[in-house]
S.K.: 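First the structure, which I've put down as C-alpha cells, then a few questions once you've had a look.
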Amino acid sequence: MDNSLKSYERLLQQNKAWVEQMNSEDKFFFKKLSEAQKPEFLWIGCSDSRVPANQITGTIPGEVFVHRNIANMVVHTDMSMLSVLDYAVNVLEVKHVVVCGHYGCGGVLAAMANKQIGLIDNWIRHIKDVYRMHQDELERISDIKARQDRFIELNVIEQVYDLGKTSIIQNAWQKRGGPIVHGWVYDIGNGLIKDLKVSMNSDEDMPDVYKFEKNPLD
Ligand code: CO
C-alpha cells in the first residue's frame, strides 16, 4: 500500500482492487447486479462502524437491503426507516427483516445514563422508554456489564415488536404471512451473532390495542 496516499484516497484505490477481484471471480458479477436487486433480507442495524451488515454475515452486494441508524431503532415517525421498510416489504418482498443490535452499543448505554450529549438526546429518549418498561428486570441485575448487555437485548426485542406494530408489517403478514421479523445481537468482542429467538410473523401475541383492523380492500 502506498503510504503517501491521503486516507480517503486509500478507499478509492481499494475500490479498484475490489472490482478487479470480483471480476476475476465472476466476470458477470457487476452486469448481473446492475440489472436488478432481489434481496431476501432487510437489515436494521446500528450505524456503529464495527457492525457492517454484509461483512459480518458473509453476504455480498445484492443480498441485504440495509437501514442503519444509531442504536438500530424503529421509530414510528422516522420517514427514512418507514420508507426503507415499505420498499423492502412491499416492492422487494423480503422474506426476513432482521433487527441487529450489538453489545457495547454507545447509543443504548447513553440511554442508561443522564449525561446530555446534544441533539442525539432526543433520539436516545426512545431508548430510555425501553429502560422504563423493563426497569424492574434491569435493576435486579447487579453486575453492571450484565445489566448493560440485557438492556441492549431488550432494546432489540422492543424494536422487533415496534416493527410488528406498523401497518406496513401487519398488512404484509395478512397478505402473505411474511416477512418473519428477527431480533439478533452482535458481539463486537468475538464477531458472533446471537439469535434472541423472538421471531414474529403474525400479530397473535401482540396487545390488542396495537392490532389494526384488517384492510377490507385486500
Ligand atoms: Co450501536
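Atoms within each ligand, like the ligands themselves, are counted from 1 in listed order. When a residue number appears, it is its place in the shown sequence, counting from 1. Below, each value reflects all heavy atoms present in this structure, side chains not excepted, and no hydrogens, waters or symmetry copies.
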S.K.: Could you identify which residues cluster with Leu11, counting Ile, Leu, Val, Met, Phe, Trp and Tyr as linked when any side-chain heavy atoms lie under 4.5 Å apart, either directly or through a chain of such contacts?
M.R.: none

S.K.: Closer than 2.8 Å to the Co ion (ligand 1), how many protein N/O/S atoms do you count?
M.R.: 3

S.K.: Going by side chain to side chain contact (heavy atoms under 4.5 Å, CB included), name the residues that satisfy it together with Ile117, two or more places apart in sequence or in a different chain.
M.R.: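 Expected list: Ala110, Ile120, Asp121, Ile124.
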
S.K.: Check Glu35 with Lys31, please: is the shortest side-chain N to carboxylate O separation under 4.0 Å?
M.R.: yes

S.K.: Whether the Gln21 and Glu25 side chains hold a donor-acceptor pair (N or O, under 3.5 Å, no angle test) is what I'd like checked.
M.R.: yes

S.K.: For Tyr210, look at atom OH and say whether over 12 heavy atoms of other residues, nucleotides or ligands are found less than 6.0 Å away.
M.R.: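 No.
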
S.K.: Taking the hydrophobic residues Ile, Leu, Val, Met, Phe, Trp and Tyr, and joining any pair whose side-chain heavy atoms are under 4.5 Å apart, which ones share a cluster with Phe41?
M.R.: Trp43, Val51, Ile56, Val64, Val66, Val98, Trp184, Tyr186, Ile188, Ile193

